[in-house]
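Remember, predicted model here, so these are calculated numbers, not experimental data.
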Amino acid sequence: MNEIDRRLFMKLAGVAGCALLVRPGLAFADDIENVSIAWMTDPVTWDPNQRLAPDPQTILKTVFDQPIDQAHDLTLQPGLLTEWTMADDAMSMHVKLRDDVTFSDGTPMTAEDFRYTYYERVANGDEIDLVVGFGAVSDIEVVSPTEAIMRFSKPFPTAPQWLSFSTSYIVSKAYAEKVGVKGLQTDPMGSGPYVLKEYKRDSRIVLTRRDDYWGELPSIKQLTFEIIPDPTARLAALESGTVDIATELSIRDVKRLKQSGNYNAVANPIARIIYVTIRADGTFADKNIRLAAHHAVDKKLLSKAFFGGDAVTIDVPTIPGMPSFPPDFHFDHDPEKAKELLAASGYSPDNPVSLDFATTNGQFPGDYDIARAIVTMWEKVGIKANLTVITEAQWYDLNASGKLPDASLFVWENGTGDPEIFAGNMFDADLPFSTYRTPEVTAMVKPLLKEPDYDKRIKGYEELNKYLINEGAMIPLLQAIQTIGYRKGIALTPWANGLIRPGAITSE
């Protein structure tokens, strides 16, 4: 197909353009001299293809470009690629690249850079996250400087989504071979609209605009990220005038900023979910206990208590408006049903079943407090949870070694909205994210990962989503919310994937 598949252009409910901020007295013409953002975390590495948490993507996308871009509502649109045509059997995809793109060192981008990024780096065994998405690429044939054919070892129907997602940034082959892997990690050089001017790890990132950028120039000439992990400190930086924008504030502070009249703020629903992972063995080998744990959780109360009621409750591993979301499927909050299920297995509030429960603290707004609330809800029906705090890195290490607790509070980011990168990756036993592994789930997931027919694939994921919940394989809780506080004077359109795009910030 030469035209982008319109069925993938699904919109997030509630996403809309919102007014934003700036320092009083700052004069604007067509250009904005500087915008400063209080951000949560520094990039782990400047190599844009390495394993990364979701948060640094906003920073990386200022320096690098992706083959396929997204509108604010996740609509796929041309980026470095002008066209992409998937074969009917999804075993190959023909792509055409722009002929006017240069990297910031002045060298032109060609199909050789595309091949290097999505085939050679993976084949060379570089420790990069692209292996997860592009391991199926068996070769990329360079037809011309602006044309290539991706070939796959198995059907790869979601290649377009992966080319717009996470670590899928094109790097310069010549530059990568010149500086090596370590050079890519410390000295970024991409085709994006900004270049790195100043960098102090875990403190400050200063970027300057490339006036020779191939695409539409952002209005911001200099963009500064102040790395401030603590949300209270980010708020203080905003209110003191140190920064123009502060991200991931508490819902309470967002509402207060709105009411003050001096600032604006937005709670932006994004393509990220908060959920409880479940193991298929140990305590949760008993289906009654798995289902009871889900029935016991009052998700509406969690939303009200920690997100002011703004977080949408979810019952499946996706969000409203996305493909594979079954609109008529519900899983009830029913403490009495939870007690009945536990009683059938010999447990009660007076004789509770014990299990281990892990959570992060500060990985996303309210994580530790949400976990504590769930512990209290479980206790009322007959589940005694021993809560421990771990880091995100520990979560992966524990899961890889088979030592992850029975349950854990986790957040899942999927900037494409596609069900493969929700349930497909969550329950693919060959990936490091799966906690509930059974032959039945594997038998459902594996065929969907290579199903070339779009309608059959989406229908299959819809059935998988319902099966997972009815089996008690996970406990979906809430659609995550990105909170942004800002001064008045400029306008911003929030992105459904949680990115703050410099091109979306303009004078009001």
Side-chain angles (χ1 to χ4, degrees), residues 1-6 8-9 48-49 57-58 60-72 74-87 92-121 130 133-134 137 139-151 156 158-177 184 188-196 207-220 415-416 495 497 499 501-504:
M1 63 180 183
N2 289 321
E3 189 174 320
I4 300 170
D5 192 337
R6 291 286 168 182
L8 296 179
F9 291 0
N49 303 145
Q57 298 305 314
T58 283
L60 291 170
K61 201 164 176 65
T62 62
V63 177
F64 300 93
D65 286 314
Q66 293 174 301
I68 298 175
D69 206 353
Q70 292 175 308
H72 67 86
L74 303 188
T75 299
L76 296 182
Q77 56 185 208
L80 296 175
L81 298 184
T82 60
E83 297 180 32
W84 54 95
T85 306
M86 180 68 70
S92 66
M93 188 169 76
H94 181 259
V95 303
K96 292 185 178 180
L97 292 84
R98 298 182 64 100
D99 61 3
D100 58 350
V101 177
T102 60
F103 292 102
S104 62
D105 66 355
T107 59
M109 181 204 70
T110 71
E112 292 290 349
D113 301 301
F114 183 82
R115 184 180 193 274
Y116 174 78
T117 302
Y118 300 105
Y119 174 65
E120 292 182 34
R121 292 206 74 186
L130 287 182
F134 295 92
V137 178
D139 194 14
I140 296 180
E141 176 188 350
V142 174
V143 179
S144 75
T146 59
E147 196 171 350
I149 299 173
M150 302 183 78
R151 304 194 187 281
F156 189 16
T158 54
Q161 283 73 31
W162 281 100
L163 288 172
S164 73
F165 180 56
S166 191
T167 57
S168 299
Y169 300 96
I170 290 185
V171 298
S172 163
K173 177 179 180 178
Y175 182 74
E177 291 179 340
L184 291 176
M189 198 285 291
S191 64
Y194 289 87
V195 294
L196 183 63
L207 302 143
T208 55
R209 190 181 66 188
R210 285 181 57 195
D211 289 339
D212 65 341
Y213 180 57
W214 62 269
E216 185 175 351
L217 279 180
S219 60
I220 303 167
T416 72
W495 248 245
N497 56 16
L499 299 186
R501 303 286 292 268

- Glu147 meets the side chain to side chain donor-acceptor pair (under 3.5 Å) criterion, sequence neighbours left out, with His94
- Query: Got a second to check how far Leu80's CG is from Met109's CE, nearest 0.5 Å?
  - Reply: 4.5 Å
- Query: Can you list the residues that meet the side chain to side chain contact (heavy atoms under 4.5 Å, CB included) rule with Leu217, with sequence neighbours excluded?
  - Reply: Arg209, Asp211, Tyr213
- Message: Are the side chains of Val171 and Pro48 in contact, using a 4.5 Å heavy-atom criterion?
- Response: yes
- Considering residues at least two apart in sequence or located in another chain, which fulfil the side chain to side chain donor-acceptor pair (under 3.5 Å) criterion with Arg115? Glu120, Asp139
- Note on the structure: Taken to the nearest 0.5 Å, the spacing of Leu81 CG from Leu76 CG works out to 11.0 Å
- Message: Going by the rule side chain to side chain contact (heavy atoms under 4.5 Å, CB included), which residues pair with Ser104 if we only count those two or more places apart in sequence or in a different chain?
- Response: Met189, Val195, Arg210
- For residues Glu141 and Tyr119, is any side-chain donor paired with an opposing acceptor at under 3.5 Å? no
- Query: What pair of heavy atoms forms the shortest contact from Thr62 to Pro502, and how long is it?
  - Reply: CG2-CG, 3.9 Å
- Task: Would you indicate whether the side-chain heavy atoms of Trp214 and Thr102 approach each other to under 4.5 Å?
- Result: no
- Excluding sequence neighbours, so at least two apart, what forms salt bridge (Lys or Arg N to Asp or Glu O under 4.0 Å) with Asp69? Lys61, Arg501
- Message: Checking Phe165 now: which residues fulfil ring pair (Phe, Tyr, Trp, His ring centres under 6.0 Å) with it, not counting sequence neighbours?
- Response: Trp162
- Out of curiosity, Trp84 CH2 to Leu163 CG, how far, rounded to the nearest 0.5 Å? 9.0 Å
- Could I get the full list of side chain to side chain donor-acceptor pair (under 3.5 Å) partners for Thr107, not counting sequence neighbours? Asp105
- Note on the structure: Scanning both residues in full, the closest heavy-atom pair of Arg98 with Gly79 reads CD-O, 3.4 Å
- Taking all atoms of both residues into account, what is the closest heavy-atom pair of Leu207 and Val63, and its distance? CD2-CG2, 3.7 Å
- Here the gap from Gln66 atom CD to Ser164 atom OG, rounded to the nearest 0.5 Å, amounts to 6.5 Å
- Check against side-chain contact (heavy atoms from CB on, under 4.5 Å), Arg121 and Leu184: CA-CA 12 Å; Arg121 292 206 74 186; Leu184 291 176; 3.8 Å; yes
- Message: Is there a side-chain contact between Leu74 and Thr416 in this structure, where contact means two heavy atoms from C-beta onward sitting under 4.5 Å apart?
- Response: no
- Note on the structure: The salt bridge (Lys or Arg N to Asp or Glu O under 4.0 Å) partners of Lys96 (sequence neighbours excluded) come to none
- Message: Treating Thr117 as the side-chain partner and Asp113 as the backbone partner, does any N or O pair qualify as donor plus acceptor under 3.5 Å?
- Response: yes
- ring pair (Phe, Tyr, Trp, His ring centres under 6.0 Å) filter on Tyr118, not counting sequence neighbours, yields Phe114, Phe134
- Geometric class of the Phe64/Tyr169 ring pair [parallel <30°, tilted 30-60°, perpendicular >60°]: tilted
- Evaluate the criterion side-chain contact (heavy atoms from CB on, under 4.5 Å) for residue pair Thr58 and Trp495; output intermediate values, then yes/no. CA-CA 10 Å; Thr58 283; Trp495 248 245; over 6 Å; no
- Candidate pair Ile149 and Met93, rule side-chain contact (heavy atoms from CB on, under 4.5 Å), full reasoning: CA-CA 6 Å; Ile149 299 173; Met93 188 169 76; over 6 Å; no
- Message: Give me the atom names and distance for the closest heavy-atom approach of Gly133 to Phe156.
- Response: O-CZ, 2.9 Å
- Message: Can you list everything that forms a side chain to side chain contact (heavy atoms under 4.5 Å, CB included) with Ala174? Sequence neighbours excluded, please.
- Response: Ser172
- Message: The criterion is salt bridge (Lys or Arg N to Asp or Glu O under 4.0 Å); which residues satisfy it with Asp99, sequence neighbours excluded?
- Response: none
- Task: Please round to the nearest 0.5 Å and tell me the distance separating atom CG of Asn49 and atom CD1 of Ile170.
- Result: 9.5 Å
- Task: Any chance you could measure Ser166, atom OG, to Leu130, atom CG, to the nearest 0.5 Å?
- Result: 8.5 Å
- If you take all heavy atoms of Val137 and Met150, which pair is closest and at what distance? CG2-CE, 4.0 Å
- Check the pair Val142, Glu112 against side-chain contact (heavy atoms from CB on, under 4.5 Å), reporting the backbone distance first and the verdict last. CA-CA 7 Å; Val142 174; Glu112 292 290 349; 4.0 Å; yes
- Which pair of heavy atoms, one from Ala111 and one from Ala148, lies closest together, and at what distance? CB-CB, 4.3 Å
- Item | Residues that Ser191 engages under side chain to side chain donor-acceptor pair (under 3.5 Å), provided they are two or more places apart | Asp65
